[in-house]
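Heads up: the structure comes next, in structure tokens.
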There are 2 protein chains.
Amino acid sequence: MKISDKRNDVMQAALELIADQGFHGAPMAEIAEKAGVATGTIYRYFENKEVLIRELHRELEEKISATLREGYPVERPLRERFLYLIRELLRYFITNPLHFRYMEQYFNSPYGISMHRDRLLGKSGNHDILMDIFELGIQQQVLKELPKAVLFPLAFGPLIILMRDHILGFVILDDPLIKQITEACWDTIKR
Amino acid sequence: MKISDKRNDVMQAALELIADQGFHGAPMAEIAEKAGVATGTIYRYFENKEVLIRELHRELEEKISATLREGYPVERPLRERFLYLIRELLRYFITNPLHFRYMEQYFNSPYGISMHRDRLLGKSGNHDILMDIFELGIQQQVLKELPKAVLFPLAFGPLIILMRDHILGFVILDDPLIKQITEACWDTIKR
DNA sequence: CATTAATGAGTGAACGTTCATTCTTATGTG
DNA sequence: CACATAAGAATGAACGTTCACTCATTAATG
């Protein structure tokens, strides 16, 4: 058993518990039990609960960012690049609903607020890509002349509710529907 | 002092605390202190914390619903009715940021999930209005031919992030901007 | 055998809720 | 009107529970 095995087990257990019970539905004791370790063991790997939570967030963001960059069509027209981002983000979360639920919990908590500031300042990984699209789009008069801080909510706001509804089973996001949705998102911001 | 004075004080205190600290940042003792009553007094008016929380939600929803219905232009074209709804909702929340924060907390909690089901089934007050718009719009081929459960997120999803950013001071939603935003929301769903 | 890892009972703080008691207001009586 | 009595409202200390975190002890490792 490698040194990081238990660390991973703890993170996985925390992810699952927090994703579907929230931070307060995930006591350290329960995380430990689910991970098959003792409570105290968690504190070998994470200074405290907050560190565990932030670390988990960091790791998920990393994964998502990597996925979006993977096949990103840098050379294609703006619209295509934009559609790609939205489509792949939706697909990622459909494949990894726990990740979505976790990010949602995180975002909607005291932890999330500082991150939020970063996002708008374009610090985070794949938001540079997005901000480039917005900037170029406005320059080339392809997009509406709106602040980037408005374009982002317009384009990505729907995805949050859609994902939630998908996970709850109110909608089923299959490929044809995803195609229509991504195009609708484009319509929101295109001139 | 009327019988309902303390009840109101408690609700107001709970609203303020919960809106900016979340449910877990609002212990009954603190709510009581802020309301200027003893802890035990709360339990004269509310069976327990959950009842208080739900009651608060009910009351806010009532107010919002009333506001949206107030000047609703029933006789005007679809587009105009739709723009009205979005614009007034934004305005309401800009005027009452605590209400927005509270509803967000509520929505993003175990309590919120049952409500969510109601919303999609069209039980809640002003959603009948909205569903009518969607239904008519599809019939008249004004709107995209998408499930109502998709039209709703597309049209209203942006508002949540926009409101959050507005409250955090990242955007300032003034009237010209609101006009552009509501029209962008319409562009998302119009054919 | 020395060092590191893992354990889980224990600790104290925080929380929602209760309830014996006190204070306030309303009602009855002469 | 003065006073006694009853009813209702308000109080806050106390209770039981939950939780994050600690630490003395045990197990594993090389």
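Letters A, B, ... are given to chains in the order of the sequence lines, protein chains preceding strands, and every chain is numbered from 1. Side-chain atoms are counted along with the backbone in the values below, which use heavy atoms only and exclude waters and symmetry mates.
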### Message
Could you see if A:I178 belongs to whatever hydrophobic cluster contains A:L168? Use Ile, Leu, Val, Met, Phe, Trp, Tyr and a side-chain cutoff under 4.5 Å.
### Response
yes
Separation of atom [atom1] in [X] from atom [atom2] in [N], rounded to whole Å:
X	N	atom1	atom2	value
A:E33	D:dC19	CD	C1'	15 Å
B:R44	C:dC23	CZ	P	16 Å
B:F46	D:dA10	CZ	P	12 Å
A:L17	D:dA20	CG	C1'	15 Å
A:I31	C:dG8	CD1	P	17 Å
A:Q21	D:dC19	CD	P	11 Å
B:D9	D:dA10	CG	P	10 Å
A:H24	D:dT18	NE2	C1'	13 Å

### Task
Could you please spell out the steps behind the ring pair (Phe, Tyr, Trp, His ring centres under 6.0 Å) verdict for B:F23 and B:Y111?
CA-CA 11 Å; B:F23 293 117; B:Y111 312 118; 5.4 Å; yes
### Query
Do the two ring centres, one from B:F93 and one from B:H99, sit under 6.0 Å apart?
no
### Message
Working to the nearest 0.5 angstrom, can you tell me the gap between A:K148 NZ and A:L154 CG?
### Response
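A:K148 atom NZ to A:L154 atom CG measures 15.0 Å (nearest 0.5 Å).
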### Query
Hey, are the side chains of A:I189 and A:K144 touching, using non-hydrogen atoms and a 4.5 Å cut-off?
no
Identify each atom pair where a protein N or O and an N or O of nucleotides 16-19 of chain C are less than 3.5 Å apart, giving names and distance.
unit_1 : atom_1 : unit_2 : atom_2 : d
C:dG16 : OP1    : B:K49  : NZ     : 2.5
C:dG16 : OP2    : B:M28  : N      : 2.8
C:dT17 : OP2    : B:Y43  : OH     : 2.8
C:dT17 : OP2    : B:K49  : N      : 2.9
C:dT17 : O5'    : B:Y43  : OH     : 3.4

### Task
If a protein heavy atom is under 4.0 Å from the base, mark B; if only from the sugar-phosphate, S; if neither, -; do that for nucleotides 25-30 of chain D going 5' to 3'.
------
Flag yes if more than 12 heavy atoms outside [X] fall under 6.0 Å of its [atom1] atom; otherwise flag no.
X	atom1	result
A:R91	CZ	yes
B:E80	CD	yes
A:E33	CD	no
A:L136	CG	yes

